[in-house]
Amino acid sequence: MTQMAGTPIPHAPGFIANTTPRIVTSRFDYEDSYTLARYEATDGYQGLKKALQQTPEEVHNEVRDATLLGRGGAGFPAGVKWGFCPPEVWPRYLVVNGDESEPGTYKDRLLMELDPHQLIEGCLIACYAVGLSQCFLYIRGEMAVAQERVAQALNDAYAAGYIGKNILGSEFSVDIVLHWGAGAYVVGEETALIESLEGNRGMPRLKPPYFPASIGLYGQPTIVNNVETLSNLPWILEHGSQAFTAIGTETSPGTRMVAVSGHVKRPGVYEIINGTTTFRDLLYGTDMCGGIRNDNQLKAFVPGGGSAPWFTPEQLDLPFEASHVGPQGSMLGSGAIMVMDETTDIPAAALTLTKFYAHESCGKCVPCREGGTWLEQILRRVVEGRGTNRDLDLLIEVGETICPGDFPHAAVASKGIEAVPFPYRMTTICFVGPSAFAPVHSALTLFREEFEAKVSGNDEPTMIEVAVDV
Amino acid sequence: MKFFTEENAELAQEIIGRYPKPRSAMIPLLHLAQEQEGWVTDEAMTEIAELVGTTSAEVLGTCSFYEMFKRKPVGKYVINICTTMSCALMGAGDLMKHAESRLGVKSGGSTPDGLFTLEGAECQAACTEAPCLQVNYRHQYRVTPDQFDQLVEDLASSDSDIPEHGVLSQIRQHIPADKFVGSTPPEDVVSAPVWLSEAGGQ
Ligand SMILES: Cc1cc2nc3c(=O)[nH]c(=O)nc-3n(C[C@H](O)[C@H](O)[C@H](O)COP(=O)(O)O)c2cc1C
Ligand code: SF4
Ligand code: FES
């Protein structure tokens, strides 16, 4: 039944099996991977059974020892976050972040469509360990099939006694409620997710004080975890934290799912070894993407979802390890690589991301609401050949109202550009504002000549069109 | 006149009952309204306000934040073409142009027969399968112009299993009464869950 390494699996669009250990994708080869029957036949719910034989504290320790880094973007260790719930404040909730919508990111939807029971089991283990008395599984609105697969899995798991009152005959009782969104990228931000779940406009809350673990859903302690993070828990409980930390590096153990899209020969979603796999392995490995399409030259790539500053071929040998990628000017984010070959119009490519973040601004902070829109408009006129030299400086000036000071970027030795390390300062509540600037900044810093070519000859300053009668 | 059909009104109560606070059911109920009518009417928002104990202005406030809620009628099939980076790199711009000319409408418009609404959309979590689109939030991968034409033909002749706009998940969650732990308002929960206190607390 195991698929040959490097072959796409027909019923799992995008997923490509390779030779690494498969922790979260182990059932993807089966056509009925999403059914309870298949799940039970392949070690399903064994992690939960093992958990229930231990005290909640022991389970929590096991997860802490595994150093399971959050897979939603920030990479914070799950076991540590769980410990932030204030003692003796009840009830506590679990909110599952299945809102996947960061440009380039494609993994949580696969996990929900192809192995919903694995996610459910992960939720149950988290609830047991931390004393979370109700779980809300928030799936992105535009994912009808994921909603269907998870709904069916929940119904089957309730019927089989895995969810609800006295799970598997124990004292442990918890409900998992399926919830679904209605289209708004920013709702993936954890405090916005909570606002949305309370029936409000999905606008982020200010941290501090609104760290969900202390003040979350209905003001109660709330753990928000990503779908992939939780999907790792059954394996960790079944095989133990030591087996998990034996894979990858000490600071980034286990595997992670990475989507590689754009100009590669075999775009796909791969489960890779965390910490040691390099961008070169992924983009050029024969069991992975197999190189750039038409054997073209690689020009640039976005290493960690649309919000991440860009890399060039000079960064190909960096491994999937935050402590390496951060000092080189970017982040791993949500496990999403977007690849641009030599034929790419760089300013136009940056525009496809900046317009995304400008469009998705919730409007709460002025620098994001106004700045994002300005960045989009100025960049658009540059791309369309209506911009001037002055516009290139203006893009940076507008960006600096969102992120004052140096903005992280990669090194380009051939151009004498040195890296500025991650992170940045920001004037906004969440990362949507800075994310509108990141692609503009990277493109302009690393490929300034392409912008200059577009504005050359246009010396007349374009007056900013404002409809005001004086 | 009530907005929700009797069956949906019952379903609405079941959904509300799953949350510690009724207002949390707002988005699911807006989806239910859209499923019943194809779009979200003022009557629907007024009734949802009553059901979750708030004002219709509050419901409008939430409703208007989210892209998927349509406050005017749309086509039976809403076609969303992804225009974000990975899809743009793989030809989404050309696909959009082709779609506009095939359907004879600009992005954002609906065909006069009420069959199709065409929209540009943001990343659909299918970036490796670019360029992609969704019809009523169901994916189509690596779409060529020919495949687009075929899709439109199939939909027009009802030769497709994609449900009408408004219907999202065709499988609903049902929590059996004997298994349901129940939703308690947070202020009524004062102690640690029983399995924690049995284990000596945390
Ligand atoms: C604008 C924005 C969008 C985000 N979108 C998502 C998302 O779609 N899915 C996700 O899991 N986390 C997303 N995050 C990260 C969450 O805020 C949060 O860190 C994460 O869900 C925590 O789970 P983890 O610790 O398991 O990674 C987003 C963050 C920001 C700032
Ligand atoms: S940064 Fe943008 S999206 Fe985030 S809270 Fe502020 S306005 Fe909203
Ligand atoms: S960019 Fe089109 S699906 Fe992600």
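Convention: sequence-line order gives letters A, B, ...; per-chain numbering from 1.
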Taking all non-hydrogen atoms of both residues into account, name the closest pair between [X] and [Y] and its distance.
| X | Y | result |
| --- | --- | --- |
| B:Tyr66 | A:Ala182 | CB-O, 3.3 Å |
| B:Thr84 | A:Thr352 | CG2-O, 4.0 Å |
| B:Cys127 | A:Ser261 | O-CB, 3.2 Å |

Side chain, backbone, both or neither of [X] within contact of chain B (heavy atoms, under 4.5 Å):
| X | value |
| --- | --- |
| A:Arg149 | neither |
| A:Arg201 | both |
| A:Ser173 | both |
| A:Val187 | side chain |
| A:Ile139 | neither |
| A:Leu351 | neither |
| A:Val339 | backbone |
| A:Val260 | backbone |
| A:Leu154 | side chain |
| A:His179 | both |

Options [options], ranked by heavy-atom pairs under 4.5 Å with chain B, top entry:
| options | result |
| --- | --- |
| A:Ser196, A:Ser133, A:Ala146 | A:Ser196 |
| A:Met340, A:His263, A:Arg293, A:Glu100 | A:His263 |
| A:Gly202, A:Cys85, A:Gly363, A:Ala153 | A:Gly202 |
| A:Lys355, A:Glu360, A:Met203 | A:Lys355 |

Selection from [options] maximising heavy-atom pairs under 4.5 Å formed with chain A:
| options | value |
| --- | --- |
| B:Ala126, B:Ala88, B:Pro176 | B:Ala126 |
| B:Lys179, B:Met26, B:Arg172 | B:Lys179 |
| B:His174, B:His31, B:Gln124, B:Glu187 | B:His31 |
| B:Asn136, B:Leu30, B:Thr54, B:Ile27 | B:Ile27 |
| B:Val190, B:Thr83, B:Thr128 | B:Thr128 |

Under the criterion salt bridge (Lys or Arg N to Asp or Glu O under 4.0 Å), which of A:Glu142, A:Glu148, A:Glu113 is the partner of B:Arg138?
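Considering A:Glu142, A:Glu148, A:Glu113, a salt bridge (Lys or Arg N to Asp or Glu O under 4.0 Å) with B:Arg138 is found only for A:Glu148.
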Could you tell me which portion of [X] (side chain, backbone, both or neither) has an atom closer than 4.5 angstrom to a non-hydrogen atom of chain A?
| X | answer |
| --- | --- |
| B:Glu122 | both |
| B:Ser64 | both |
| B:Ser86 | both |
| B:Ala130 | neither |
| B:Gln170 | both |
| B:Asp178 | backbone |
| B:Pro20 | both |

Roughly how far apart are [X] [atom1] and [Y] [atom2], rounded to 0.5 Å?
| X | Y | atom1 | atom2 | answer |
| --- | --- | --- | --- | --- |
| A:Gln147 | B:Leu168 | CD | CG | 4.5 Å |
| A:Glu57 | B:Leu196 | CD | CG | 9.5 Å |
| B:Ile175 | A:Lys165 | CD1 | NZ | 11.5 Å |

Using a heavy-atom cutoff of under 4.5 Å, enumerate the residues of residues 5-19 of chain B that contact chain A, numbered in order, or state 'none'.
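Those residues of residues 5-19 of chain B which have a heavy atom under 4.5 Å from chain A are B:Arg18, B:Tyr19.
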For chain A, which residues of residues 143-155 of chain B have heavy atoms nearer than 4.5 angstrom:
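The residues closer than 4.5 Å to chain A amount to none at all.
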Please determine whether side-chain contact (heavy atoms from CB on, under 4.5 Å) holds for the pair B:Phe180 and A:Asp175, giving the CA-CA distance in whole Å, both sets of side-chain angles, and the decisive distance to 0.1 Å.
CA-CA 7 Å; B:Phe180 187 40; A:Asp175 284 315; 3.2 Å; yes
So do the side chains of [X] and [Y] get within less than 4.5 Å of each other, counting heavy atoms only?
| X | Y | value |
| --- | --- | --- |
| A:Tyr158 | B:Gln173 | yes |
| A:Phe172 | B:Pro193 | no |
| B:Pro186 | A:Tyr93 | yes |
| A:Gln220 | B:Val189 | no |

Under 3.5 Å donor-acceptor, B:His139 side chain and A:Met143 backbone:
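Not at all, since once roles are kept as given, no pair shorter than 3.5 Å links the two residues.
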Are the side chain of B:Thr62 and the backbone of A:Gly199 linked by a donor-acceptor contact shorter than 3.5 Å?
yes
Test side-chain contact (heavy atoms from CB on, under 4.5 Å) on A:Tyr106 and B:Cys123 and set out the steps.
CA-CA 10 Å; A:Tyr106 174 26; B:Cys123 181; over 6 Å; no
Begin with the C-alpha distance, continue with both residues' side-chain angles, and end with the deciding distance and a verdict on side-chain contact (heavy atoms from CB on, under 4.5 Å) for A:Ile167 and B:Trp195.
CA-CA 11 Å; A:Ile167 292 167; B:Trp195 72 91; over 6 Å; no
Could you walk me through whether A:Gln134 and B:Ser183 satisfy the side-chain contact (heavy atoms from CB on, under 4.5 Å) test, starting with their C-alpha distance in whole Å, then the side-chain angles of each, then the deciding distance to 0.1 Å, before giving a yes or no?
CA-CA 8 Å; A:Gln134 203 171 359; B:Ser183 271; 2.8 Å; yes
